[in-house]
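First the structure, in the form of structure tokens, and then the observations on it.
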2 protein chains.
Amino acid sequence: MDVSVDCVVFGFDNDTLKVLLIEQKQPDTVHLKTQNAVPGDLVLDNESLDEAAKRILQELTSLKGIYLKQFHAFGDPNRVRGLKDQQWLRTFRVNPERRVLTIGYYSLVKLSEFKPKAASFAGKTYWVDVYNIPSLAFDHNEIVHKALLMLRHELMADHIGFELLPEKFTLSQLQKLYEIILDKKLDKRNFRKNILRTETVTALEEKQQGVLHKPAQLFSKK
Amino acid sequence: MDVSVDCVVFGFDNDTLKVLLIEQKQPDTVHLKTQNAVPGDLVLDNESLDEAAKRILQELTSLKGIYLKQFHAFGDPNRVRGLKDQQWLRTFRVNPERRVLTIGYYSLVKLSEFKPKAASFAGKTYWVDVYNIPSLAFDHNEIVHKALLMLRHELMADHIGFELLPEKFTLSQLQKLYEIILDKKLDKRNFRKNILRTETVTALEEKQQGVLHKPAQLFSKK
DNA sequence: TTTGAAAGTGTATTTAGCACACGAAGTATC
DNA sequence: GATACTTCGTGTGCTAAATACACTTTCAAA
């Protein structure tokens, strides 16, 4: 069996929660509409799963120290049996008939610092709204959906939201991020009480600049 | 790469939380002490991961409808490189040098109803205390440990405890189960309030029999 | 009838969850 | 320099959940 790692890369642009997709290279001979997919690759011979996930990310961007978390193994024997999926496999895989198990990871990146690598192994990359994802290759729609559920869960349990924000952020930005990930409105005062109680962030001696209203205090992760 | 599923089977005997181990068959030619392992097997060609896990369980016991949950993929390239592990692989695997990725599942069985199958594919089976596990084959100690952490987590979130108890149980049994899994004392009155509020169990019109004290009310899952 | 052993139950206190509104601090415009 | 605009930052009361805590009841056995 082939084993791959697929990475659902989340980013936040202060307005929407995004997922990074790459356009799958197409066989020159076929002229189908290209498909998009979540970045992923086969696990190499001497590589752990975590290492494979890290490598895949680093082939897309030069960021280091990115938050990465394994969340589920997808092993349905037919997960790779779509028509386009098969054509793609026949062109780009040594053993196109081989079953592919994939280990899903999700990753949180600071969109502000994200620069796609010029010579990336794959095709063009796109950020798309997590709530408006087009039809993807393989079972990647399911993978993204499950990643989002796991992210929600972990956001509430471990308050990892700041991984998606710049080093310095305001509590309003953080709240908006929570609202978008959890897909519900939160009360400002209660949100602040809760976040400050968890002590995952710390106030800086610094204020927001260049805004046309009262500048907010900046925070960073503790 | 080979892909296997390993099943951490939990059982509860009213006193301790147990894990099912099987004694690995040993090559006739070698005379090492046998190793124990968690039940597991390679995933077959046309089988999903969940199906593989179910099959492994059914090769050990004839119980149906057993609670099963995927919890983690273990993919370190060296997870299978111990001396005894290698000997075992060379004897019983077609491709002993091939790397093995395993998907960890845990499973909750009613120990009272558990009967090991006579002609089980594997060696003898044992139940051992989860808090006193001997040294196991491969990375199975790590797998069991992680399974326990996940079980704790899910017990609190989803109140699945009764999966480990007979059809009819008392709240004291359930409480003891929680105390052992979570490894801490709970207050009786608060525990009852909480469990009854979650409405995952329902009171029967029936009482415990054959005990030498006030008989307790029986409950079953709702 | 007494003893032993677990069952079953209520209250008071503390803590977390939730709803809710207004003055303060900046920038831009006239 | 007054006004308008925008977001920031804050506190209180209410309700629900979490925790601590001890005595009476019910049965079987001796």
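Per chain, numbering begins at 1; letters A, B, ... match sequence-line order. Predicted model only: the values in this text are computed from it and were never measured.
Not a single donor-acceptor contact under 3.5 angstrom links the side-chain atoms of B:N194 to the base of D:dA17. Judged by distance alone, with hydrogens and angles left aside, B:K185 brings no side-chain donor or acceptor close enough to the base of D:dT19 to form a pair under 3.5 Å. Contact annotation: side chain of B:K184 to base of D:dT19, donor-acceptor pair absent below 3.5 Å. At a cut-off of 3.5 angstrom, the base of D:dG9 holds at least one donor-acceptor pair with the side chain of A:K188.
Regarding contacts with the backbone of C:dT9, every side-chain N or O of B:R192 stays at 4.0 angstrom or more from both OP1 and OP2. Between B:R189 and the phosphate of C:dG10, there is no side-chain N or O to OP1/OP2 separation shorter than 4.0 Å.
Rounding to whole angstrom units, CD1 of residue A:I195 and C1' of D:dT10 are separated by 17 Å. The nearest whole Å value for the distance from the CD atom in B:E206 to the P atom in D:dC27 is 15 Å. In this structure, B:Q175 places its CD atom 14 Å from C1' of C:dT9, rounding to the nearest Å. Taking atom CG of residue B:D187 and atom P of nucleotide D:dA20, one finds them 8 Å apart after rounding to whole Å. Atom NZ of B:K207 and atom C1' of D:dC27 are 10 Å apart (whole Å). In this structure, B:Q208 atom CD and C:dG8 atom C1' are separated by 13 Å, rounded to whole Å. Rounded to whole Å, atom P of D:dC21 lies 13 Å from atom NZ of B:K193. Nucleotide D:dT7 holds its P atom 19 Å from the CD atom of A:Q209, rounded to whole Å.
Without hydrogens or angle criteria, A:Q208 side chain to A:P215 main chain gives no donor-acceptor distance under 3.5 Å.
Judged by closest nucleotide on DNA chain C, A:N190 is the one of A:N190 and A:K214 placed further toward the 5' end. Comparing B:L212 and A:P215 against DNA chain D, the residue whose closest nucleotide sits nearer the 5' end is A:P215. Positionally, the nearest nucleotide of DNA chain D for A:H213 lies more toward the 5' end than for the other of A:H213 and A:L171.
For the pair A:D85 and A:R79, the salt-bridge criterion is not met [side-chain N within less than 4.0 Å of a carboxylate O].
Ring centroids of B:H153 and A:H153 are separated by less than 6.0 Å, placing the two rings close together.
Between the side chains of B:D129 and B:T16, no donor-acceptor pair is found at a separation under 3.5 Å. In summary, the side chains of A:Q173 and A:Y178 do not present any donor paired with an acceptor at a separation below 3.5 Å, with no hydrogens or angles considered.
You'll find that the side chain of B:S172 is closest to C:dA7, out of C:dA21, C:dA7, D:dA20.
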